[in-house]
Amino acid sequence: MNCVKADQLSQYVDKLLTEQENKEIEDHLANCEMCRQIVTMLEEENDFLQETLKSPTLPDDFAATILEQLEPYKPEKVKPKKRVWNRVLITAAGVALALGVSTTFSPSFAELIGGIFGKQVVDEGLKMANEAGLGERLDLSVTDEGLTFKVEDVIADTSRIALSYQVLNSKGIAKNPILNHYDPNSGNDITLYDHNGKKLEQLDSSFTQEDGYALLEYSLREHPTLEAITVKFNLTELDGVKGNWQLELPIDLKEKRKHTKTYALQDEMYSVGGVNVKLGELKIAPTSSELNYETSFAKEEMNKVEEQLDVLSQKIGKNLINEGSYDTYLGYRIVNESGESVFTHNGFIEGKGHPILEGGLQSTGKWKSETGHIMWNDSFVPSKKQEKLTFVLDGVFKTVPSDFSIKVNPNQLPDFEFEGNRIAIKDVKIDNNISLESSMTPIKNEKSLIIEMEGGRGAKASQIISWVMVDEKGKAYEVNGSSEILDEKNADGLYKTKTVLEIQDIKEVPKEFTLYAVAVTQYKELKEQWKVQLNK
């Protein structure tokens with residue numbers, strides 16, 4: 001008989017499972033004495049905590065401490081609930097030490113004693129890795145100028161490193177954890193080194209904070225062969241206080257590598273709608289799954305793109321054409337054995353005017369030398385069950401040059417249609433932007449031409465990505481702008497759109513001008529989906 005995992009029993013006790021999952025566990029408990037004992041212990045643990053935390057023992061200096069916290073703030077900004085919660089955390093931690101509780105807790109218990117990996121702020125991949133016992137309690141700290149920088153927990157695998165830290169005052173009260181280490185002028189530095197002592201450059205990272213905790217993440221997707229990493233903190237300012245806080249955090253990845261499974265997919269290729277697709281590999285690590293693949297223009301499509309670029313260059317000038325605008329990417333899903341989507345990448349669903357991303361963590365693309373050839377790495381939340389996953393290609397996107405243009409007379413603003421779009425130019429005007437310069441010329445009046453458009457678009461229709469404007473004298477201008485696609489439909493059944501274009505260094509509205517759509521994204525939906533089993 002295969003026993004139920006401890007984290008599932010804990011979720012059963014905390015009433016976090018579905019009705020079907022509850023029934024399966026109850027059927028198992030009817031025939032397994034050991035699992036019944038574990039459930040009893042978890043229930044007693046919850047009862048004990050609830051009873052203990054109803055009336056926590058307060059320290060002698062409780063009143064003075066609370067008054068010290070409240071004095072700097074206006075009454076309406078005080079959050080009593082969070083302050084009481086912090087006191088409870090201290091008490092619960094004390095209880096845990098007194099009873100000798102181990103470092104692996106049920107989700108409810110982990111939530112009570114603190115830490116960030118049990119909170120809603122972290123993604124499901126980190127939560128599952130933590131519940132599986134892959135989180136490591138460090139409690140490394142350094143103190144200076146009455147402030148302590150404390151690295152509390154870390155979760156690491158071959159895909160990423162996630163660590164939590166706090167900034168605490170002498171009374172153990174959490175202070176502002178923001179380090180501003182992204183700013184080179186802040187004086188705070190966090191550097192990662194590989195097992196050979198070489199500095200790791202240009203790592204993707206993210207920062208999140210909640211209830212005095214900070215979560216710092218680094219992606220390792222560009223460094224798949226790392227054996228170990230050392231994270232070095234060199235901090236000179238915490239919570240506005242100058243000082244010196246240095247801390248080294250060594251992380252061994254050799255053992256972590258055992259938890260990662262890799263599936264090669266080199267023989268899986270497909271071509272449709274002028275786009276080539278080549279799957280690379282699937283990696284399943286405890287905190288995230290990663291799919292590596294390439295997209296590129298098919299040969300005939302590439303020839304067509306190059307011909308259109310030559311024509312545009314002759315019309316508006318090569319300097320206004322950014323070949324980096326022309327790319328290829330996919331609309332696909334990854335489904336489990338039941339056909340349910342665990343990850344949707346650029347998928348279309350009813351009621352949304354644009355493709356969506358569900359279950360994803362991060363998507364990055366690295367350009368190859370040829371236009372439109374990109375190496376992609378998409379990561380998504382791993383499945384709780386080790387089940388078979390299938391790649392389902394729904395369609396392909398390609399951004400290509402266009403021969404579409406529209407002449408505009410500001411006195412008679414036109415409407416136009418374009419590949420599933422109906423657009424009306426609503427206003428053309430000069431906007432004055434006042435900006436501060438140096439002390440010698442403190443004020444500068446910068447003028448821009450603003451073009452406002454409104455319209456409707458089918459969800460899978462083409463989208464104009466980039467424009468160039470040519471005035472009546474033949475001078476071409478770079479166009480900046482922003483577009484918005486709403487989920488609300490207009491009377492024609494199209495999703496409402498709003499576009500604002502800005503052309504700088506124009507002092508007055510031209511009598512006439514032409515807008516060239518130099519880059520357009522088109523979607524090609526597959527009549528028959530291409531499916532590939534990923535973890536064979």
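Each residue takes its place number in the sequence, starting with 1. Just the heavy atoms: all of them, side chains too, but no hydrogens, waters or symmetry mates, feed the values below.
- Of the listed residues (H373, K368, K366), just one forms a side chain to side chain donor-acceptor pair (under 3.5 Å) with E294, and that residue is H373.
- Partner of L163 under the side-chain contact (heavy atoms from CB on, under 4.5 Å) criterion, chosen from D153, L249, L215: L249.
- Under the salt bridge (charged side-chain N to carboxylate O under 4.0 Å, His left out) criterion, E528 pairs with no residue, sequence neighbours left out.
- Nearest approach of K398 to V275, heavy atoms of both residues: CB-CG2, 4.0 Å.
- Remark: of the listed residues F513, Y516, Y477, Y516 is the sole one forming a side-chain contact (heavy atoms from CB on, under 4.5 Å) with V470.
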Inset, instruction - Begin with the C-alpha distance, continue with both residues' side-chain angles, and end with the deciding distance and a verdict on salt bridge (Lys or Arg N to Asp or Glu O under 4.0 Å) for K304 and E301. - result: CA-CA 5 Å; K304 184 179 176 181; E301 187 71 26; 5.1 Å; no
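- For an aromatic pair to be called close, the ring centres must be under 6.0 Å apart, and Y182 with F207 fails this.
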Inset, instruction - Let me see the working for E227 and R257 under salt bridge (Lys or Arg N to Asp or Glu O under 4.0 Å), right down to the final yes or no. - result: CA-CA 8 Å; E227 297 180 0; R257 196 177 304 281; over 6 Å; no
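- Considering F297, F397, Y293, Y523 in turn, F397 is the only one that fulfils the ring pair (Phe, Tyr, Trp, His ring centres under 6.0 Å) rule with Y329.
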Inset, instruction - Before giving the answer on side-chain contact (heavy atoms from CB on, under 4.5 Å), spell out for Q308 and V311 the whole-Å C-alpha distance, their side-chain angles and the decisive distance to 0.1 Å. - result: CA-CA 5 Å; Q308 290 176 309; V311 173; 5.6 Å; no
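- L203 pairs in a side-chain contact (heavy atoms from CB on, under 4.5 Å) with only one of the listed residues (E222, R160, H223), which is H223.
- Without hydrogens or angle criteria, N421 side chain to S462 main chain gives a donor-acceptor distance under 3.5 Å.
- Between V277 and W530 the shortest side-chain heavy-atom distance falls below 4.5 Å.
- The main-chain N or O of L126 is found under 3.5 Å from a side-chain atom of D123 such that the two form a donor-acceptor pair.
- Closest approach of A264 and Q266 over heavy atoms only: CB-OE1, 3.0 Å.
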Inset, instruction - Could you walk me through whether V151 and V154 pass the side-chain contact (heavy atoms from CB on, under 4.5 Å) test, one step at a time? - result: CA-CA 8 Å; V151 178; V154 65; 5.8 Å; no
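- In this model, a donor atom of one side chain and an acceptor atom of the other lie less than 3.5 Å apart for N292 and N377.
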Legend entry - Stepwise side-chain contact (heavy atoms from CB on, under 4.5 Å) test for N276 and Y270: CA-CA 6 Å; N276 292 330; Y270 195 70; over 6 Å; no
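- The local environment of CG in D267 is sparse, with at most 12 non-hydrogen atoms from other residues, nucleotides or ligands closer than 6.0 Å.
- K460 and E525 are joined by a salt bridge, as a carboxylate oxygen and a charged side-chain nitrogen come within less than 4.0 angstrom of each other.
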